[in-house]
Chemist: 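Got a structure here, written out as structure tokens. Questions coming.
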Protein chains: 2
Amino acid sequence: MSRPPVSDPNRPSLRNPALRPLTLRDVSEASGVSEMTVSRVLRNRGDVSNATRDKVLVAAKMLGYVPNKIAGALASQRVNLVAVVVPSLGNLVFPEVLGGISETLEDTGLQPVFGVTNYSPEREEAVLYEMLSWRPSGVIVAGLEHSDASRAMLRNAGIPIVEIMDVDGDPIDSVVGISHVRAGREMARAIIAAGYRRIGFLGTKMPEDYRARKRMQGFEAELAEAGLNLEDREFYSGGSALAKGREMTAAMLARSPHLDFLYYSNDMIGAGGLLWCLEKGIDVPGKLGLAGFNGVDLLDGLPRKLATMDACRREIGQRAAQIVAGQSGSGLVGGERVELTPRLQPGDTIRKP
Amino acid sequence: MSRPPVSDPNRPSLRNPALRPLTLRDVSEASGVSEMTVSRVLRNRGDVSNATRDKVLVAAKMLGYVPNKIAGALASQRVNLVAVVVPSLGNLVFPEVLGGISETLEDTGLQPVFGVTNYSPEREEAVLYEMLSWRPSGVIVAGLEHSDASRAMLRNAGIPIVEIMDVDGDPIDSVVGISHVRAGREMARAIIAAGYRRIGFLGTKMPEDYRARKRMQGFEAELAEAGLNLEDREFYSGGSALAKGREMTAAMLARSPHLDFLYYSNDMIGAGGLLWCLEKGIDVPGKLGLAGFNGVDLLDGLPRKLATMDACRREIGQRAAQIVAGQSGSGLVGGERVELTPRLQPGDTIRKP
DNA sequence: CTGAAAGCGCTAACAA
DNA sequence: TTGTTAGCGCTTTCAG
């Protein structure tokens, strides 16, 4: 099952009759200019006369030459790739972070390359190993929790490492994110201030979702300091988060009808819960308050605006990219720490105090 | 703004005291085995005695050696990367396609590398150029519409090219997708069969969203054959699709209150429209029918199930990956055509005929 | 089973 | 402004 041979009539190439990757030498021969000068033209380096430059560019375009970065990288010991490792793309959270990264890297000459771990430390290790073996200029990786091997690889890579999303932990090098513990605490404070007392928590079952767990921990800690505790909790995994939000809400309220607040670990299940409550005619936020987490813009389209907390996703991507690109303006070399402040968006599902 | 010098006390490395990428030679010296044999061990190639193998593996692990794929690729003329180019990640559609690709590639030794174009042909060209310059083993790219330069690059690359999502057009090499023209037609047929006659269309403004446009074309063609035409249309760009769906629906029904069906170009705006209609107490699907496109699982959590058509996203990713990996089992070498059949999901927003 | 030599396609460094 | 000479770190190939 290999590619067709050069002579295969079905896949002819007008521009590249050799049907093998063109080299600098081909351009050199076609233009009558030395390989070295061709290389300079193609990289806009050094001084080249306009006449020569034009000859080279015409030849390169005519042949359809695409430089071989593998050889270039090996020779120059420079790779314009930034490895970006996230747990998931289905989450809505991460695409936005990646958007911030791409945008910021756009005019730095650096190129993001994405890898996905599915919340598995083993996958993370494999993905990091694979990516590091291409000797990228930097790594941006979600979270502060990694296997020992992953940490060792990153530490030894000798390139900027930026851990993102979360600042509650021990970074390898730089870190950009929010404190999820604090986010949980602040939400608890707002809820208590609004007069709610009988509170339930709904979240993901995934033990690897450290950030959701930290929010819950902060949340409970704050409740405890107010003499309260979580009266019920429910966890899910898999399936449509919106539908799960409905189901879990129904289940929890059937089991614990006295609850007056539900804190969801993400906006999607929160939105499901909200829709369910509205259908049941439950008085939100009068009898029952609701809040989620992330500030996804989906919430703008709901019948009522779910209280949430913005996770600064885009900005996290931007700041991380700046650090990798050496544009953070901090004057620091590595070891930066950027803690962003999530903004509480009270929406319409928490009583005004 | 460069990395700290070797002696920087803040970023010490226990495993890699040199703080420069380790080479095969380092492992060779540490293990007392020739570079060549070390290479063989690390790639599981050729016969190596167990004793030697162990010596090498121990040394490599102890040092924290990560192979340099750049050098390896240059020497072997083999790169285990598959370039995957999509217009957007915010779309929910593409993450799922990427999931199908990753999953299928998982045990082929190939690694997907993702690039995003933001629906811009110029960005696509730049991304393709960048990716091709790493000499990947294959390319999977969304859509059949590309700039001439992009098409030329892909044709000349001498590797499997799979265009995905859409089969209505002229593929460069292989193609995996659905016919969006036909999808539009089928939706129109179902709507007409259910007795709706005064139909409006709501979609994206983006001229580059060829697939949405093809659906609309197919839709209108089928209407025309039934002696009908679109009575109103509305387009949006930017913002929360759910919120836009509400706004557009409100605007269209204010302008054209006689409409009895709204066809949305994607599920997100459709969901917004559905929520709005339910709030307004509009009789859906009695007085007004609604349908979207994509079959996103978000719909499972809505108060009523929006009619939609599944775009076979995951399967598209899987089939495309199989072709690139040479596992499609077709016996063909290049030039495969896989047309999948989107399934109509009538949901609760089209009257039963 | 193991090793030595050559070179992948490009670029750094120097020479002209 | 242009060309020449050595490699970059690995794998291929062939010889022991």
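In what follows, every chain begins at residue 1, and chains take the letters A, B, ... in the order their sequences are listed.
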Chemist: Does anything in residues 135-145 of chain B pair up under side chain to side chain donor-acceptor pair (under 3.5 Å), and if so which pairs, sequence neighbours excluded?
Modeler: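 Every pair satisfying side chain to side chain donor-acceptor pair (under 3.5 Å) with a residue in residues 135-145 of chain B: Glu145(B)-Lys214(B).
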Chemist: Residues two or more places apart in sequence or in another chain: which of them pass salt bridge (charged side-chain N to carboxylate O under 4.0 Å, His left out) with Glu163(A)?
Modeler: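 Glu163(A) satisfies salt bridge (charged side-chain N to carboxylate O under 4.0 Å, His left out) with no other residue.
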Chemist: Side chain of Thr23(A) only, heavy atoms from C-beta on: which candidate in dG9(C), dC10(D), dT4(D) is closest?
Modeler: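 Nucleotide nearest to Thr23(A)'s side chain: dG9(C).
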Chemist: Does Glu35(A) or Val48(B) map to a spot on DNA chain C nearer the 5' end, using the closest nucleotide for each?
Modeler: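 So the residue in question is Val48(B).
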Chemist: Could you tell me the separation between the CZ atom of Arg53(B) and the P atom of dC1(C), rounded to a whole number of Å?
Modeler: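 From Arg53(B) CZ to dC1(C) P: 10 Å.
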Chemist: List in chain and number order the residues that pass salt bridge (charged side-chain N to carboxylate O under 4.0 Å, His left out) with Arg314(B), two or more places apart in sequence or in another chain; answer none if no residue qualifies.
Modeler: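 Glu103(B).
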Chemist: For dT2(D) and Thr52(A) - does any side-chain N or O of the residue sit under 4.0 Å from the phosphate oxygens OP1/OP2?
Modeler: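 True: Thr52(A) side-chain N/O within range (under 4.0 Å) of dT2(D) OP1/OP2.
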Chemist: Between Tyr65(B) and dG9(D), does any side-chain N or O lie under 4.0 Å from OP1 or OP2?
Modeler: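 Result: no.
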Chemist: Write down the distance between CD (Glu29(B)) and P (dG3(C)), rounded to a whole number of angstrom.
Modeler: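 Those two atoms, CD and P, are 14 Å apart.
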Chemist: In whole Å, what is the span from the CG atom of Asp54(A) to the P atom of dT1(D)?
Modeler: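 Between P of dT1(D) and CG of Asp54(A): 14 Å.
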Chemist: Which of residues 72-81 of chain A sit near DNA chain D, with a heavy atom under 4.0 Å from it?
Modeler: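 By residue number: Leu74(A), Ala75(A), Gln77(A).
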Chemist: Between Arg135(B) (CZ) and dG9(C) (P), how many Å, whole number?
Modeler: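 These atoms are roughly 9 Å apart.
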Chemist: Glu122(A): what forms a salt bridge (charged side-chain N to carboxylate O under 4.0 Å, His left out) with it, not counting sequence neighbours?
Modeler: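 Listed in chain order: nothing, the list is empty.
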Chemist: Got a sec, which residues hit side-chain contact (heavy atoms from CB on, under 4.5 Å) with Val127(A), two or more places apart in sequence or on another chain?
Modeler: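 Per chain and number, Val127(A) pairs via side-chain contact (heavy atoms from CB on, under 4.5 Å) with Val85(A), Arg123(A), Met131(A).
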Chemist: Just the rounded figure in Å: distance from C1' of dG9(C) to CD1 of Ile70(A).
Modeler: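 It works out to 10 Å between those atoms.
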Chemist: Looking at residues 36-47 of chain B, who's got a heavy atom less than 4.0 Å off DNA chain C?
Modeler: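 When residues 36-47 of chain B is checked for heavy atoms under 4.0 Å from DNA chain C, the hits, listed by number, are Met36(B), Thr37(B), Arg40(B), Asp47(B).
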Chemist: Holding to side-chain contact (heavy atoms from CB on, under 4.5 Å), I want the full list of residues that pass it with Pro112(B), two or more places apart in sequence or in another chain.
Modeler: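 Scan of Pro112(B) (side-chain contact (heavy atoms from CB on, under 4.5 Å), adjacent residues dropped) gives Val84(B), Ile101(B), Ser102(B), Leu105(B), Phe114(B).
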Chemist: For the helix from dC1(C)-dG16(D) to dA16(C)-dT1(D), what is the angle between the axes at its two ends, each from 5 pairs, rounded to 10°?
Modeler: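 For the helix from dC1(C)-dG16(D) to dA16(C)-dT1(D), the axes at opposite ends meet at about 30°.
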Chemist: State which residues pass salt bridge (charged side-chain N to carboxylate O under 4.0 Å, His left out) with Glu35(A); sequence neighbours excluded, sorted by chain then number.
Modeler: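 With sequence neighbours excluded, Glu35(A) shows a salt bridge (charged side-chain N to carboxylate O under 4.0 Å, His left out) to Arg25(A), given in chain and number order.
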Chemist: Could you tell me how far apart Arg25(B) (CZ) and dT11(D) (P) are, to the nearest whole angstrom?
Modeler: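 Value for this atom pair: 15 Å.
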Chemist: Between the side chains of Glu336(A) and Ser328(A), does any donor sit under 3.5 Å from an acceptor?
Modeler: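 On atom types as modelled, these side chains qualify, holding a pair under 3.5 Å.
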Chemist: Please tell me if the side chains of Glu125(B) and Pro121(B) come closer than 4.5 Å, counting only heavy atoms from C-beta onward.
Modeler: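 Side chain of Glu125(B) against side chain of Pro121(B), heavy atoms only: no contact under 4.5 Å found.
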Chemist: Check side-chain hydrogen bond (donor to acceptor under 3.5 Å, both in side chains) between Asn80(A) and all other residues, then give those that pass, not counting sequence neighbours.
Modeler: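 By the side-chain hydrogen bond (donor to acceptor under 3.5 Å, both in side chains) rule, Asn80(A) matches Glu130(B).
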Chemist: How would you list, by chain and number, every residue that makes a side-chain contact (heavy atoms from CB on, under 4.5 Å) with Ala75(A), sequence neighbours excluded?
Modeler: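 With neighbours one apart ignored, the set is empty.
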